[in-house]
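Input: a single structure, listed below in structure tokens.
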Amino acid sequence: MCGIIGYIGNRKAQDVVLKGLGRLEYRGYDSAGIAVVEGGKINLVKRQGKLRILINELETSPLGGSLGVGHTRWATHGVPSDTNAHPHLDCSGKIAVVHNGIVENYLALRQSLTKEGHKFLSETDTETIAHLIEKFYKGDLEEAVIKALKLIKGSYAIAVIHKDEPETLIGARCDSPLIIGVGSNENFLASDVPAVLDYTKNVIYLENHEVVKLTKDSVRVKDLSGRVTHKKISTVKWDVSQAEKAGYPHFMLKEIYEQGDVVKGILDERLVKDKVVFDELKIKESDLKKIKKIAIVACGTAYHAGLTGKYMLEEYARIPCWVDTSSEFRYRNPMVDSQTLAIIVSQSGETADSLAALREAKKRGAKTLGICNVVGSSIAREADGVIYTHAGPEIAVASTKAYTAQLAIFYLLTLYLARITKATPVSKLNVLTRELTKMPIVMNELITQYRSDYNILAAYAEEFKRYYFEKHNKSYFLYLGRNINYPNALEGALKLKEISYISAEGYPAGEMKHGPIALIDENPWVVCIAVKCKTYDKMLSNIQEIKARGGIVIGVVTEGDKEIQHYNINYLIEIPRCEELFSPLLVVIPLQLLAYYVAKEFGYDIDQPRNLAKSVTVE
Ligand code: F6R
């Protein structure tokens, strides 16, 4: 939700800010803006719409200066417009602020500032921050920012500049992410690491209620009481090329194709002589032995990974498990205690509801474990233990490789905990471990088929579009799965709706007779996950029932399945034969690609779907 960047150094601030915003655009893209200190004043350009619009404008009239801040917005307070776009200025136009977060008490602040004579131009909560800093400014920007922040309730990551302090860039955070990029004779502020990767791999993760004063050759962090804190500089492992499309038309396609390698990387790192190693897991084995139940908490795609995790953990580690969406968990009275392991799954590690759920679980005495992709993110830092997925930066808003990476971690965690609980014989666990290590090769073989000139999923997508218009836009999708592939039905539906805006619902196939079968006529396309598994026959019955009512079926089936040929399935998608436990890693790939190609057929912006932002750092 919104991306911010700040730069101080010797380069042209505009170049750094625009490049950084390009890498942060996944966080929000309804407007973008930049402010620089140039020629003793603040110069500001901000535009509604995608970053490209701002870039085009600055190409014809560029800004100078080597101190600047920038913002890419996902609107919360006030519609997307030039006026509501950031940066926001104070009345005098001397101070510029960019902000990610929500000032919850902005109305009260705005009213009292208005009474004091401040003139507001926008409808945003952020503008109150600029006016508050103006109110407190007596020649020291850092001091004024600290005074202003003490009055603010809510979440913020901010970057602030003042025209009279051309050697100073101020940043601060509370519940929204902010990192410092430490360069040589230059320093950076950004919402996320990829924004600074072109210039430095040295970063400092700012904590809540910390304020940083940057000059081009110094970094000083204080807390809100003014005490200086000493921060560790971390070196990021990500490479800048990972944050680029590398010739692919979309990040989403690149990330789908990376999945075999991502899972391989995870297994190579974690499996040492067939034993699972979790170096960063700071929870002792003796504590894990005391665990009586597991609560998995997450949002969206990560929630679906959690649902799959429950199937494996209960089956092989035999620990009772339940899965909650973070927004529900945090507001009910969850049965969490010191014998509970709360696993928070989050690609970004910054999702507001998941972070709040983690805190809630901690408060109730649970041991907490984060499964995160972004190193140093809030959930990773606040959980008792963390397992990183190390999937590299995921840029497309629709999550793909983070999902399979999370599944891979759940497989490993299951093997790890099953050894501790002794619920499954070691010989069986050894067999499963060996099967798991084969999966990256099988995933890559499947991906290679889709990379070929003729892509069956692209053909099905084209066919669907034709049908959709024939049916006067009445067609839509249902996804049915059972057992460990039921969460994949939810995930397939989520992928389709978020990037193609076509209605799609995921269901456990066994629930069809309890309602959804009423939907079946010639309109919906029903994706049935019917791979060889213990519920295969049940799924065949579901398919028959759908066909009997005129439904159109896309079957996701096991390669070489002869029986399925008798079912008159309209469109077949084959996946290689594998152990049922690991089939979710394969099944999801064509589902992701189907969503991708449908969105492509309809001509939508695949990497930046409407209304969404990748990192949901507000509630
Ligand atoms: C879907 C998607 C979202 C995220 C969800 C959680 O494609 O990307 O549903 O999965 O917002 O985000 P994280 O994993 O960052 O907590």
Side-chain angles (χ1 to χ4, degrees), residues 1 3 24 26-29 74 100 175-177 191-194 250-253 255-256 259 296-309 323-330 343-358 369-383 386-389 391-407 409-410 479 487-488 490-501 504 506 588 591-596 599 604-619:
M1 308 259 120
L24 294 174
Y26 71 85
R27 301 177 69 86
Y29 31 82
W74 187 89
N100 165 211
D175 288 342
S176 293
S191 298
D192 197 0
V193 170
H250 300 98
F251 278 110
M252 184 177 177
L253 191 62
E255 288 160 7
I256 291 172
Q259 291 178 106
I296 303 175
V297 192
C299 300
T301 289
Y303 169 72
H304 299 155
L307 285 175
T308 319
V323 194
D324 255 328
T325 51
S326 312
S327 52
E328 290 301 315
F329 179 91
R330 65 180 288 194
I343 304 179
I344 319 298
V345 193
S346 175
Q347 187 283 130
S348 62
E350 299 293 348
T351 301
D353 280 327
S354 299
L355 185 57
L358 163 72
L369 170 65
I371 298 180
C372 300
N373 192 38
V374 177
V375 174
S377 54
S378 301
I379 291 171
R381 279 178 296 132
E382 289 192 28
V386 60
I387 303 176
Y388 285 117
T389 48
E394 191 181 62
I395 311 286
V397 164
S399 185
T400 54
K401 66 174 176 174
Y403 177 68
T404 37
Q406 288 155 359
L407 293 187
I409 297 293
F410 271 116
Y479 288 73
N488 262 344
L490 300 178
E491 179 58 10
L494 177 63
K495 286 291 89 84
L496 189 91
K497 62 188 146 197
E498 66 183 328
I499 59 171
S500 71
Y501 320 136
V588 76
L591 300 187
Q592 294 164 340
L593 282 168
L594 183 65
Y596 172 84
Y604 292 127
D605 188 340
I606 293 176
D607 282 339
Q608 296 178 345
R610 71 182 181 206
N611 302 340
L612 292 173
K614 189 153 187 72
S615 190
V616 186
T617 53
V618 293
E619 236 186 300

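Counting convention: from 1, in listed order, for ligands and their atoms alike. These numbers were taken from a predicted model, which means no experiment stands behind them.
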### Task
Evaluate the ring planes of His250 and Tyr596, with Trp represented by its six-membered ring, and classify them as parallel (under 30°), tilted (30 to 60°) or perpendicular (over 60°).
perpendicular

### Query
Of all the non-hydrogen atoms in the protein, which one sits nearest to atom 7 (O) of ligand 1, and at what distance?
Glu498 OE2, 2.4 Å

### Task
Write out the residue and atom name of the closest protein heavy atom to atom 13 (P) of ligand 1, then the distance separating them to 0.1 Å.
Thr351 OG1, 3.2 Å

### Message
How far is atom 15 (O) of ligand 1 from the closest protein heavy atom, and which atom is that?
### Response
Ser348 OG, 2.7 Å

### Summary
Between Lys614 and Val397 the two heavy atoms that sit nearest each other are NZ-O, 3.3 Å

### Query
Is there a donor-acceptor contact under 3.5 Å linking the side chains of Ser191 and Asn100?
no

### Query
Any nitrogen or oxygen of Ser354, main chain or side chain, under 3.5 Å from a nitrogen or oxygen of ligand 1?
no

### Query
Can you tell me the protein heavy atom closest to atom 11 (O) of ligand 1 and the distance?
Val616 CG2, 4.1 Å

#### Entry: Min heavy-atom dist Asn373 to ligand 1 below 4.0 Å
no

### Task
Verify whether one side chain among Tyr403 and His304 offers a donor that lies under 3.5 Å from an acceptor in the other.
no

### Query
Cut-off 3.5 Å, side chains only: do Asn488 and Tyr479 have a donor facing an acceptor?
no

### Query
Which of the atoms in ligand 1, numbered in the order shown and given with their element, are less than 4.0 Å from a heavy-atom of Ser346?
13 (P), 14 (O), 15 (O), 16 (O)

### Summary
For Ala398, the atoms of ligand 1 under 4.0 Å from one of its heavy atoms are 7 (O)

### Query
Looking at ligand 1, does any of its N/O atoms fall within less than 3.5 Å of an N/O of Val397?
yes

#### Entry: Geometric N/O contact Gln406 with ligand 1, under 3.5 angstrom
no

### Message
What I want to check is whether the side chains of Gln259 and Thr400 have a donor and an acceptor closer together than 3.5 Å.
### Response
no

### Message
Among all protein heavy atoms in this structure, tell me which lies nearest to atom 14 (O) of ligand 1, with the distance rounded to 0.1 Å.
### Response
Gln347 N, 2.7 Å

### Summary
Contact region, Lys495 to ligand 1, non-hydrogen atoms below 4.0 Å, reads side chain

### Query
Is it true that the side chains of Glu350 and Ser378 contain a donor and an acceptor less than 3.5 Å apart?
yes

### Task
Would you tell me whether Ser399 and Thr301 have side-chain atoms, one donor and one acceptor, within less than 3.5 Å of each other?
no

### Query
Taking only heavy atoms of Ala302, which atoms of ligand 1 are found under 4.0 Å from at least one of them?
10 (O), 14 (O)

#### Entry: All salt bridge (Lys or Arg N to Asp or Glu O under 4.0 Å) counterparts of Arg610, not counting sequence neighbours
none

### Message
Would Lys614 count as being in polar contact with ligand 1, using the rule that some N or O on each side must be under 3.5 angstrom apart?
### Response
no

### Message
Once side-chain hydrogen bond (donor to acceptor under 3.5 Å, both in side chains) is applied, do any residues pair with Tyr29, and if so which ones, sequence neighbours excluded?
### Response
none

### Identity and distance of the protein heavy atom lying nearest atom 5 (C) of ligand 1
Cys299 O, 3.6 Å

### Task
Ignoring hydrogens, just give me the one of Leu355, Asp353, Thr301, Thr400 whose non-hydrogen atom is nearest atom 4 (C) of ligand 1.
Thr301

